[in-house]
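What follows is a set of notes on a single structure, which appears directly below.
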2 protein chains.
Amino acid sequence: MNIYIEKNRKTKQLIQKTFMQILENKSFESITIGDITKTAQINRGTFYLHFKDKFDLLDQIEQRLFADLGKHIDELQSSYLSTHTFEKRQEHLAATLFSFIEMHSPILKIFLSDHGRAGFHIRFRDAFSEKVRFNLEKNKSINDNLKVPLEYFLSFITSAFLGLIEQWIRNGLDKTPQEMTSLYIDIISFIQKR
Amino acid sequence: MNIYIEKNRKTKQLIQKTFMQILENKSFESITIGDITKTAQINRGTFYLHFKDKFDLLDQIEQRLFADLGKHIDELQSSYLSTHTFEKRQEHLAATLFSFIEMHSPILKIFLSDHGRAGFHIRFRDAFSEKVRFNLEKNKSINDNLKVPLEYFLSFITSAFLGLIEQWIRNGLDKTPQEMTSLYIDIISFIQKR
DNA sequence: CATACCACTAAACAACATGTTGAACATTGA
DNA sequence: TCAATGTTCAACATGTTGTTTAGTGGTATG
């Protein structure tokens, strides 16, 4: 019964790998199950033994990505939570995120482009937003001085961040995560000086 | 020969209207040409007399939206360009945009959701970004003091703005364009105070 | 008034995509 | 060994796409 588990896992991985590969040259919408199974050299029916449909396939890849993102941020926050200033924590959060993006850039390059599935940037931002909310709510000085609803402020700041990431990816990752972190800090302090 | 032009125009409009209507309940990908023509009570072949395919139909609606957005911003800039301070111009730009969004919220609600087509928020941001770039490049004090590449700053600020818009729409337009403008200003000044 | 024209319809077409089924084959465990 | 189980496959019915061909009922024009 052991060889079956292995075989199943391998076929499922093959489908996911092949799918991602095709996604580099073709948009999600235009990819057919046949495209995937022909390239992977398996029967089309086999696909349906592993995934409900195209969307299920993408969902599983997406969700693994979001889970991984959450794990990274959680780890950071548990070790940094009260040992540093808010500004230092912000900086480390940015650095962690840019590193994460660099690590997953092959997938993100596709998901954030128009080759991906509609609404990805919203789902990504929501996953990210949840983590930032936790970080902000712990901070009294923010809750007290912020006049606008927290959800609006969160949308503003996480979208801005995501905008930087999208530009970075569009530029073919022309900078290191460290450079992106200082670029982020430079933009914030530029706004502050006006 | 005039009645023909009228008939053609009306059928084309009917297709677009019906399409937008269906888009409220069904995702772009899952809508078929048959869905549209059955609802509009026209022959399926007629669709192809007006549009190349589903994408062409959506493109034409998108492009009309972007053109309209550009027109609004251009009008604003030509009348305000050098008669006000940079901050006042920013505020009026924000107010203009929020009004535009409110006016087109039925379409934008769909296009920005996962019922729309992948990459819309990128195309929308690009259209918007071009106009803001023009505004920023005219301003010497920004070009001189900004250490980071303009494209990154543009991505940051236009994405942040789009984030506010998305949240606003998600909240079912719970505020007036005027309230959104002061909300925007409040967020900026909150960042400045830190 | 005849006729050429136009937007649209109806029906049929091949090509292709989808999701399901039952059969084939390999592996497992009693 | 052999029945049960797991994986894969070929074939099927169904639905969508974009094109084509023939035809309808109005409209313009000489």
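In what follows, chains are A, B, ... by sequence order, proteins preceding strands, each numbered from 1. Predicted model, so just to flag it, every value in this text is computed and none were measured.
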message = Let's see if you can work this out: which of D:dT16, D:dT27, C:dT28 has an atom nearest to the side-chain heavy atoms of B:Ile3?
response =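 For the B:Ile3 side chain, the nearest candidate turns out to be D:dT27.
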task = Measure from the side-chain heavy atoms of A:Ile42 and tell me the nearest of C:dT9, D:dC9, D:dT8.
result =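 Nearest listed nucleotide: D:dC9.
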ask   = Under 4.0 angstrom, heavy atoms only, what part of the nucleic acid is B:Thr46 near: base, sugar-phosphate, or nothing?
value =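 If one applies the 4.0 Å heavy-atom cut-off, B:Thr46 turns out to touch a base.
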Rounded to the nearest angstrom, tell me the gap between atom [atom1] in [X] and atom [atom2] in [N].
X       : N      : atom1 : atom2 : answer
A:Leu49 : C:dT21 : CG    : P     : 12 Å
B:Ile5  : C:dC5  : CD1   : C1'   : 14 Å
A:Phe51 : C:dG19 : CZ    : C1'   : 16 Å
B:Asp53 : C:dC16 : CG    : C1'   : 16 Å
B:Ile33 : D:dT17 : CD1   : C1'   : 8 Å
B:Asp56 : D:dT17 : CG    : C1'   : 15 Å
B:Ile36 : D:dT16 : CD1   : P     : 12 Å
A:Arg9  : D:dG6  : CZ    : C1'   : 17 Å

query = For the residue pair B:Tyr184 and A:Tyr152, is the inter-centroid distance of their aromatic rings smaller than 6.0 Å?
reply =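 Ring-ring flag for B:Tyr184/A:Tyr152: false, centres at least 6.0 Å apart.
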message = For B:Phe128 together with B:Phe161, are the ring centres under 6.0 Å from each other?
response = yes
request  = Step through the shown structure and confirm whether more than 12 heavy atoms of other residues, nucleotides or ligands are within 6.0 Å of NZ on B:Lys26.
outcome  = yes
ask   = Taking atom types as they are modelled, is there a donor-acceptor pair under 3.5 Å from the base of D:dA28 to the side chain of B:Tyr4?
value =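 By the distance-only test, no, there is no pair.
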key: Under 3.5 Å donor-acceptor pair, B:Asn43 side-chain atoms to C:dA10 base atoms   =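 Looking at the base of C:dA10, it does pair with a donor or acceptor on the side chain of B:Asn43 (distance under 3.5 Å).
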key: B:His50 side chain near C:dA7 phosphate (N/O to OP1/OP2, under 4.0 Å)   = no
ask   = Does A:Thr11 have a side-chain nitrogen or oxygen under 4.0 Å from the phosphate oxygens OP1 or OP2 of D:dT7?
value = no
message = Are there runs of at least three consecutive Watson-Crick or G-U pairs touching DNA chain D, with each pair's two distances under 3.5 angstrom? Give them by first number.
response = C:1-12 with D:19-30, C:14-30 with D:1-17
ask   = Between A:Ala118 and B:Gly116, what is the shortest heavy-atom contact and its length?
value = CB-O, 3.3 Å
inquiry  = Less than 4.5 Å apart, side chain to side chain, heavy atoms only: is that true for B:Glu166 and A:Arg125?
reply    = yes
Carboxylate-amine/guanidinium contact A:Asp35 A:Lys54, below 4.0 Å =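 Result for this pair is no, no salt bridge flagged.
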key: Residue met sooner reading DNA chain C from 5', once B:Lys12 and B:Arg44 are mapped to nucleotides   =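 Going by which nucleotide is closer to the 5' end, it is B:Lys12.
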Side-chain H-bond candidate by donor/acceptor type, B:Thr96 with B:Ser99, under 3.5 Å = no
request  = Return the 5'-most residue of the pair B:Lys54, A:Lys7 with respect to DNA chain D, ranking by each residue's nearest nucleotide.
outcome  =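 The residue closer to the strand's 5' end, by nearest nucleotide, is A:Lys7.
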